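Notes to accompany the following structure.
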Amino acid sequence: MVPGEENQLVPKEAPLDHTSDKSLLDANFEPGKKNFLHLTDKDGEQPQILLEDSSAGDDSVQDRFIGPLPREGSVGSTSDYVSQSYSYSSILNKSETGYVGLVNQAMTCYLNSLLQTLFMTPEFRNALYKWEFEESEEDPVTSIPYQLQRLFVLLQTSKKRAIETTDVTRSFGWDSSEAWQQHDVQELCRVMFDALEQKWKQTEQADLINELYQGKLKDYVRCLECGYEGWRIDTYLDIPLVIRPYGSSQAFASVEEALHAFIQPEILDGPNQYFCERCKKKCDARKGLRFLHFPYLLTLQLKRFDFDYTTMHRIKLNDRMTFPEELDMSTFIDVEDEKSPQTESCTDSGAENEGSCHSDQMSNDFSNDDGVDEGICLESNSGTEKISKPGLEKNSLIYELFSVMVHSGSAAGGHYYACIKSFSDDQWYSFNDQHVSRITQEDIKKTHGGSSGSRGYYSSAFASSTNAYMLIYRLKDPARNAKFLEVDEYPEHIKNLVQRERELEEQEKRQREIERNTCKIKLFCLHPVKQVMMENKLEVHKDKTLKEAVEVAYKMMDLEEVIPLDCCRLVKYDEFHDYLERSYEGEEDTPMGLLLGGVKSTYMFDLLLETRKPDQVFQSYKPGEVMVKVHVVDLKAESVAAPITVRAYLNQTVTEFKQLISKAIHLPAETMRIVLERCYNDLRLLTVPSKTLKAEGFFRSNKVFVESSETLDYQMAFTDSHLWKLLDRHANTIRLFVLLPEQSPGSYSKRTAYQKAGGDSGNVDDDCERVKGPVGSLKSVEAILEESTEKLKSLSLQQQQDGDNGDSSKSTETSDFENIESPLNERDSSASVDNRELEQHIQTSDPENFQSEERSDSDVNNDRSTSSVDSDILSSSHSSDTLCNADNAQIPLANGLDTHSITSSRRTKANEGKKETWDTAEEDSGTDSEYDESGKSRGEIQYMYFKAEPYAADEGSGEGHKWLMVHVDKRITLAAFKQHLEPFVGVLSSHFKVFRVYASNQEFESVRLNETLSSFSDDNKITIRLGRALKKGEYRVKVYQLLINEQEPCKFLLDAVFAKGMTVRQSKEELIPQLREQCGLELSIDRFRLRKKTWKNPGTVFLDYHIYEEDINISSNWEVFLEVLDGVEKMKSMSQLAVLSRRWRPSEMKLDLFQEVVLESSSVDELREKLCEISGIPLEDIEFAKGRGTFPCDISVLDIHQDLDWNPKVSTLNVWPLYICDDGAVIFYRDKTEELMELTEEQRNELMKKESSRLQKTGHRVTYSPRKEKALKIYLDGAPNKDLTQD
């Protein structure tokens, strides 16, 4: 540690000798002042906390920690985790226990527990070290034994607190997704041992797993009449012990009790009798297991995971089961196997005369090489079993516990960790992923599970979820018990491996030290040629100078070929406010660590690599300055120029600020008007010369508009001035791309008739001109615009004449437009050529004109691919019915528009007297009219900026399609916007639809005519489709045909329009000609019905007298079923109930077609009577069940007989479990006396294939499908084979 002086920029440091007897004053500490101590690395070693003696630490809570710890990113965690605070050094440095933990990749705690157990097993670790990897024969990345070797070496020699297991899992052939799959630790143990055996074939370790973990047992059946016994020998690697016997409410108290139950024989009697080879008949028999040989390492699996047949879910049994630290296994070897069969007692076998046990009659599963090497030998030729080695003493089968793998959680997921006893010091440790700590024997007892109370049936539900799951014991045999190899005892290849791993770890440590001293900060650069803001992350060592950092940033941004290095510099930058905070003049040699305030994980500012032209000079940016972007406004040209940047101080006055801007843009300060845009649509004119910029609301980064002219506009009130209107338009104008429809002959003939109705087209006002564009490619657009312009002008003149005559009631045959005014101000001819636009005061016609018009031919174009969701529903803005008041005077075009997309709209006086509010049904449905209640246009005397010009068509847009690029004030209503588009589309706004195009080319129709375009933003795309648009009170409805006995019962027919107040019969009358013309269906009005559609389920039958919006709730983009009737409509009243019945014939294994049953009430008895009438089944023999899932409630004929809830005990249909309250429910019924067909295995398989194919095609099968567990596999070739045909 070194003292540092407070008032020096770079403190002087002098090392302190901790062994010195000097006082603090003698060590240069200054009294009365702050003295700083700097903790540094010594000889490359990081500082470590000096802990107390380990013996004293055993009593601390932290050292005796046991249980799962919280892990970042853990999924299967539980709520009883214990949190520990740790410092930076505790993460990197080895635990005070001396053991190294394993990092949890995500859900690999089960793997970590097993690996630590194997590592702490001396016999396994030593054998693994003796195996030598041959790199010439195998890839080290895919070699499981080699990666285990590396892991064990790191666990033994690493200085880290925890190491990664990714190399091991990679050798398993696992990818990153496997880290998110939690598996059973016992399953992993078996799979890993199998993989190791495969890898170790033809090596010295080929039989290592069997030598350490394999035991043998006899599976026998003994006849209780003659004593004949058949048996076979099985091997095992672990013994599964039941926690709670099947059907029992009480768990076993201990492992010993469970082991006795494991070998307890059962009696085979009654229907389970055993066929005796000697008696040649079925006889009572005794079946059981006998242990013949216990392995050196005994593994016991406590079967805590079970299946609850009541809930049909997996459960975990948390019952208490004790296990001893020393386990005597000699009591579990059956004494019958130690005696000669000829002399064994047969009193319990039931055979009084025959007592021989014919061990020579072995099962075919037993081979001669299954000899026992651990004290028991089977002599098959002599028919006897005897002890081959003398002295099967009791103490020869004493096992000591050394590993307890604990599971905390439920059957759905949880956390594994291991409690392991070290054979080096007989101390227990908790290996919990990266945390290793000392624990005591008391902590081991806590893993027995259960609670302190009595062991009852419900004890498991209230017990702790943390308990032992897998136990590993080692045989106490001094001759075999090994110790861990010391470093000097390592084989040569392990010594080389240790050296390589140490070098890699030291390299990582040095790299980590570099990372700890590296400043990482966001870097921005405006490309000097492309003018695009680039972003990157600058990583530079804290000791690098600013000059060196500029070189790094220069190369990082790829500017070598663009600009010289001396034309670049780094400045402090605030990207959020786009603000240059300060520059670093004269600090080129200052270290970056000092400039940035040290090495930090995050910085509150960024860096900008600023560039200049060779003939320019960098401007100095001082702290405390504010940045102002100045836009120059030209009122004559109606333009807003691109911004230039100036810097000012908040304490400057407005007068001083004007002089500063005057120097920058060379405009006179005397006539200068400055407008500050504090936020969107908040424009403030700076009028008080002595007021400071801070008082005016300036901040770090600001935007102002400057205008300096000597027009009379200067004398007008700001909100009435030309400047305000131009800036207001500038802020609210957006750019849209509009795709026009193909020009079909039908639309052209309609336009021709439309123009003739407008009167003489010879008197044309040239103020509305054709849209500018290439003559060849845009000829059709020009023609449309020219024709429409002539039409509009002639209509305008005729309407003005009608107005002079005082004729207030216009004929529907005279015109479709009223009071269309031309722009008042003439423009220069050159300007009219350059800026061809449509700027008008739009006034729409009387609504009667729309109602009297014939339906357009383009209604046939239903656009079935278009989604029925209204785009405006998706919009987050709900603006008012009409726009803000705008001035009537004409505002010509502006160039260089800077657009925004934030909603800003206000309600106008035209809507003040309206009774409906936004929450009315009409407006919620999105079918607002363009007219108010008096019949006048809502857009009357409203001006909103609109400019359209041709745009180059995209590739693949289709022949005949044209694009428009439209600049429009987003406060315009959809109705006015459509009217502006009329000349380009060529039909009335009521005869085309507007679709907004979203990501992935999804299109949603915009139907709310009084909604503004405030939800649109720059460069949004719009598609125009021909077809009649909705009027107020109308709803677009999709009509589907219900085909109850077809494979696909739901078929789309057409789009229709229903109106509020219309009866169902009236809608049916309108549908009949459409069905005939568009779908080829010839129907009479009494031979089909309409009914509710919910997804694919048929619902309420609509009666002819029902009225939409009164009796039937209807909404925008509604869907309805049309059902063709076989006879006369039976549904006459809403009190009736229509259900769809289907007979199940179990003797034929088939289902009949659907038949509709109309009930007068919800009585079950009436349903039975109706089913009896249509089927002929006796009333008392009818059983029924409700169908499940989506119509038609398909179910396999192999499952229907037992899976459905047949014959529910209810008297009415509208109660549980039926809940049939609406039309359209599916009822299956059957004759209970009809027997189920008996199928052969071949017939069942054939029927299963047919049903599987049928259900896959319909896609209607509804079954409970929990998340599938992925099978645990280890791939010996390093990677799985990707089979694309399998799920």
Side-chain angles (χ1 to χ4, degrees), residues 66-67 78 80 184-187 217 219 236 238-272 286-291 294 298-334 348 399 401 404-416 419 441-473:
I66 180 173
T78 56
D80 56 352
D184 186 276
V185 68
Q186 184 264 350
E187 180 187 12
L217 53 80
D219 186 352
Y236 62 89
D238 58 55
I239 302 174
L241 299 181
V242 176
I243 298 290
R244 187 192 297 169
Y246 180 75
S248 173
S249 62
Q250 193 167 351
F252 292 124
S254 64
V255 163
E256 296 95 323
E257 190 175 324
L259 280 168
H260 281 292
F262 185 81
I263 60 175
Q264 179 69 31
E266 61 174 324
I267 301 300
L268 303 180
D269 56 6
N272 295 325
R286 185 174 64 183
K287 183 181 188 306
L289 299 171
R290 296 189 192 126
F291 286 114
F294 291 114
L298 178 64
T299 304
L300 304 179
Q301 181 207 0
L302 309 185
K303 300 181 68 174
R304 292 198 174 273
F305 298 109
D306 205 350
F307 190 81
D308 189 338
Y309 287 93
T310 304
T311 63
M312 302 302 287
H313 285 87
R314 288 180 64 194
I315 59 171
K316 182 184 176 186
L317 303 175
N318 295 312
D319 300 86
R320 180 178 177 81
M321 176 178 277
T322 63
F323 46 86
E325 189 170 3
E326 288 193 351
L327 180 63
D328 184 4
M329 295 299 293
S330 61
T331 58
F332 301 104
I333 295 222
D334 199 318
D348 62 341
Y399 284 82
L401 179 69
V404 180
M405 277 171 263
V406 182
H407 181 268
S408 176
S410 66
H415 177 61
Y416 285 99
C419 301
Q441 191 63 40
E442 289 301 315
D443 295 317
I444 300 298
K445 292 180 180 178
K446 293 178 184 177
T447 65
H448 291 171
S451 57
S452 56
S454 60
R455 293 184 296 114
Y457 181 78
Y458 292 104
S459 64
S460 176
F462 301 101
S464 169
S465 65
T466 302
N467 34 53
Y469 178 65
M470 204 161 150
L471 311 173
I472 301 184
Y473 287 83

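If you're wondering where the values come from, they're calculated on a predicted model, not measured in any experiment.
- Evaluation of the side chain to side chain contact (heavy atoms under 4.5 Å, CB included) rule for I315 yields D306, D308, L317 as partners, not counting sequence neighbours.
- Rounding to the nearest 0.5 Å gives a distance of 9.0 Å between CE of M470 and CG of L300.
- Here the CD atom belonging to Q186 is positioned 13.5 Å from the NE2 atom belonging to H407, to the nearest 0.5 angstrom.
- Side chain of R304 to backbone of D319: a donor-acceptor contact under 3.5 angstrom is found.
- With I239 as reference, L259 is the one residue of T299, V255, L259 to meet the side-chain contact (heavy atoms from CB on, under 4.5 Å) rule.
- Counting heavy atoms from C-beta outward, F262 and L217 have side chains that approach closer than 4.5 Å.
- Under the salt bridge (charged side-chain N to carboxylate O under 4.0 Å, His left out) criterion, K445 pairs with E442, not counting sequence neighbours.
- Listed here is the closest heavy atom pair of I444 and C419: CD1-CB, 3.6 Å.
- Under the ring-ring contact (aromatic ring centres under 6.0 Å, His included) criterion, Y469 pairs with F305, not counting sequence neighbours.
- Using a 4.5 Å heavy-atom cutoff, the side chains of I243 and L302 are in contact.
- Looking at heavy atoms from C-beta onward, M312 lies in side-chain contact with F307 at the 4.5 angstrom threshold.
- From L471, atom CG reaches atom CE of M405 across 8.5 Å, with rounding to the nearest 0.5 Å.
- Legend: residues meeting side chain to side chain donor-acceptor pair (under 3.5 Å) with E266, ordered by chain and number and at least two apart, are absent.
- Legend: residues meeting side chain to side chain donor-acceptor pair (under 3.5 Å) with T322, ordered by chain and number and at least two apart, are absent.
- Rounded to the nearest 0.5 Å, atoms CD (E256) and CE (M321) are 9.5 Å apart.
- In terms of heavy-atom proximity, K303 sits nearest to P240 at CD-CB, 3.7 Å.
- For Q441, the side chain to side chain donor-acceptor pair (under 3.5 Å) criterion is met by W428, not counting sequence neighbours.
- Evaluation of the ring-ring contact (aromatic ring centres under 6.0 Å, His included) rule for Y246 yields no partner, not counting sequence neighbours.
- Between R286 and P265 the shortest heavy-atom distance is CG-CB, 3.5 Å.
- Under the salt bridge (charged side-chain N to carboxylate O under 4.0 Å, His left out) criterion, D238 pairs with R190, not counting sequence neighbours.
- Between F294 and Y473, the closest side-chain pair of non-hydrogen atoms is not below 4.5 Å.
- In this structure P245 satisfies the side chain to side chain contact (heavy atoms under 4.5 Å, CB included) test together with S248, F252, sequence neighbours excluded.
- Annotation: salt bridge (charged side-chain N to carboxylate O under 4.0 Å, His left out) contacts of D219 (sequence neighbours excluded): R232, K287.
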